[in-house]
Amino acid sequence: MDQIEILPYSPELNPFFKSINQAWVEQFFSIEPFDQAQFDSPEETIVIPGGTIIYAKLGEGIVGTVGLHKVSDEVYELIKMGVAASAQGKGVGMILAKAILAKAKEMGAKKVVLYTHSKLAPALRIYEKLGFKEAELEEGKYCRCDIKMELDL
């Protein structure tokens with residue numbers, strides 16, 4: 001099997017951020033206005049305000065992506081972790097998650113938070129293996145999320 005390579009943010013890869021994430025959001029939920037804004041303008045909504053996006057490359061194709069949204073100088077939110085259906089079950093999600101946590105530390109994060117849903121079992125297993133713990137979910141943060149998790153770095 002080819003090695004999974006992690007690529008840093010590049011505007012040329014934005015179409016993969018949209019296509020990979022749009023696929024899973026539409027499969028399990030529906031696109032919300034904040035999703036559409038992030039898909040259409042990831043640089044303006046995520047990168048310029050102080051976050052980043054990374055990509056996983058397998059062979060010649062981009063097969064995964066995940067973002068970090070800056071909440072404060074010490075807190076980042078892990079957002080939009082997605083793996084293409086063709087690459088699921090190959091460890092791409094874990095590699096992406098570890099890489100984005102390393103990037104969060106590099107960017108000065110002391111804590112990473114995420115919001116997810118209980119029906120996204122593969123993602124939950126990754127988060128738990130990495131040490132994320134369930135936290136109190138704020139009312140109205142995201143309509144589709146029923147779990148908040150945090151990790152102190």
Side-chain angles (χ1 to χ4, degrees), residues 1-43 45-47 51-71 75-107 109 111-135 137 141-153:
M1 184 172 96
D2 293 323
Q3 275 301 99
I4 296 165
E5 180 183 358
I6 297 297
L7 304 177
Y9 177 75
S10 169
E12 295 79 35
L13 298 177
N14 285 347
F16 295 103
F17 180 76
K18 180 176 184 174
S19 63
I20 291 169
N21 283 299
Q22 190 168 345
W24 73 260
V25 172
E26 288 179 340
Q27 178 182 351
F28 293 103
F29 309 103
S30 59
I31 304 292
E32 295 183 45
F34 77 92
D35 293 313
Q36 199 62 58
Q38 290 173 343
F39 295 157
D40 291 346
S41 305
E43 190 147 354
T45 59
I46 299 166
V47 178
T52 194
I53 299 168
I54 60 172
Y55 300 88
K57 183 178 179 186
L58 181 60
E60 293 302 309
I62 301 298
V63 296
T65 183
V66 64
L68 272 182
H69 182 264
K70 184 176 184 177
V71 177
V75 179
Y76 286 77
E77 181 182 350
L78 187 153
I79 61 168
K80 299 289 190 293
M81 185 166 80
V83 176
S86 63
Q88 290 176 2
K90 298 182 180 188
V92 176
M94 180 62 83
I95 291 168
L96 273 170
K98 286 180 177 178
I100 203 68
L101 291 176
K103 186 69 178 167
K105 281 183 188 176
E106 185 183 302
M107 294 169 72
K111 179 185 284 193
V112 174
V113 300
L114 63 86
Y115 298 84
T116 189
H117 194 279
S118 52
K119 66 180 168 183
L120 300 175
L124 286 170
R125 283 193 294 277
I126 291 170
Y127 304 144
E128 289 166 355
K129 284 180 184 175
L130 291 172
F132 278 88
K133 302 290 183 211
E134 214 165 314
L137 182 65
K141 174 73 174 167
Y142 297 113
C143 294
R144 66 172 170 252
C145 296
D146 64 357
I147 297 174
K148 177 183 180 182
M149 300 180 91
E150 298 180 342
L151 178 66
D152 292 323
L153 299 179

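- Salt bridge Asp35/Lys80: present, at least one basic N to carboxylate O contact under 4.0 Å.
- Of all heavy-atom pairs between Ala37 and Thr45, the closest is O-CG2, 3.7 Å.
- In this structure, the side chains of Leu96 and Ile54 come closer than 4.5 Å at one or more pairs of heavy atoms.
- Two residues are said to be in side-chain contact when any heavy atoms from C-beta on lie closer than 4.5 Å; Leu124 and Phe132 fail this criterion.
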*Is there a side-chain contact (heavy atoms from CB on, under 4.5 Å) between Leu78 and Val113 once you walk through the steps?*
CA-CA 6 Å; Leu78 187 153; Val113 300; over 6 Å; no

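- A donor-acceptor pair is defined here as one N or O able to donate and one able to accept, closer than 3.5 Å; such a pair exists between the side chain of Gln88 and the backbone of Val83.
- Here the side chains of Lys18 and Gln36 are in contact, with some heavy-atom distance below 4.5 Å.
- In this structure, the separation between CD1 on Ile126 and CG on Leu120 is 11.0 Å, given to the nearest 0.5 Å.
- No side-chain heavy atom of Ile53 sits under 4.5 Å from any side-chain heavy atom of Val66.
- Val63 places none of its side-chain heavy atoms less than 4.5 Å from the side chain of Lys57.
- Ion pairing of Arg144 with Glu32 is present here, as a side-chain N (NZ or NE/NH1/NH2) and a carboxylate O approach within less than 4.0 Å.
- Contact check on Lys148 versus Glu134 returns no salt bridge, with no Lys/Arg side-chain nitrogen under 4.0 Å from an Asp/Glu carboxylate oxygen.
- When side chains are defined from C-beta on, Lys103 does not count as touching Tyr76, because their heavy atoms never get closer than 4.5 Å.
- The distance from atom CZ of Phe16 to atom OH of Tyr55, rounded to the nearest 0.5 Å, is 9.0 Å.
- Heavy-atom minimum distance, Leu153 versus Ala109: CD1-O, 3.7 Å.
- With rounding to the nearest 0.5 angstrom, the CD atom of Gln22 is 13.0 Å from the CD atom of Gln27.
- You'll find the side chain of Thr65 stays beyond 4.5 Å of the side chain of Met81, heavy atoms only.
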_The test is salt bridge (charged side-chain N to carboxylate O under 4.0 Å, His left out); show your working for Lys111 and Glu150 and say whether it passes._
CA-CA 7 Å; Lys111 179 185 284 193; Glu150 298 180 342; 3.4 Å; yes

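- Contact record, Gln38 with Phe17: O-CE2, 3.7 Å, taken as the closest heavy-atom pair.
- From Ile100, atom CD1 reaches atom CD of Glu106 across 10.0 Å, with rounding to the nearest 0.5 Å.
- Residues Ala84 and Ile20 share a closest heavy-atom pair of N-CG2, 4.0 Å.
- At a cut-off of 3.5 Å, with distance as the only test, a side-chain donor of Tyr9 or Glu43 sits close to an acceptor on the other residue.
- Distance alone, capped at 3.5 Å, places no donor-acceptor pair between the Thr52 side chain and the Leu68 backbone.
- The pair Lys119-Asp146 fails the salt-bridge criterion, with no side-chain N (NZ, NE, NH1 or NH2) lying under 4.0 Å from an Asp/Glu carboxylate O.
- Aromatic ring centres of Phe34 and Tyr142: separated by under 6.0 Å.
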_Test side-chain contact (heavy atoms from CB on, under 4.5 Å) on Ile95 and Ile6; report intermediate values, then the result._
CA-CA 8 Å; Ile95 291 168; Ile6 297 297; 3.8 Å; yes

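- Heavy atoms only, all atoms of each residue included: Leu13 and Pro8 are closest at CD1-O, 4.3 Å.
- The shortest side-chain heavy-atom distance between Val25 and Phe28 does not fall under the 4.5 Å cut-off.
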_Using side-chain contact (heavy atoms from CB on, under 4.5 Å), reason through Ile147 and Tyr115 one step at a time and then give a plain yes or no._
CA-CA 6 Å; Ile147 297 174; Tyr115 298 84; over 6 Å; no

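- Across all their heavy atoms, Leu58 and Lys90 have their closest contact at CD2-CD, 4.1 Å.
- Contact check on Arg125 versus Glu128 returns no salt bridge, with no Lys/Arg side-chain nitrogen under 4.0 Å from an Asp/Glu carboxylate oxygen.
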*Could you walk me through whether Val112 and Leu101 pass the side-chain contact (heavy atoms from CB on, under 4.5 Å) check?*
CA-CA 8 Å; Val112 174; Leu101 291 176; 3.9 Å; yes

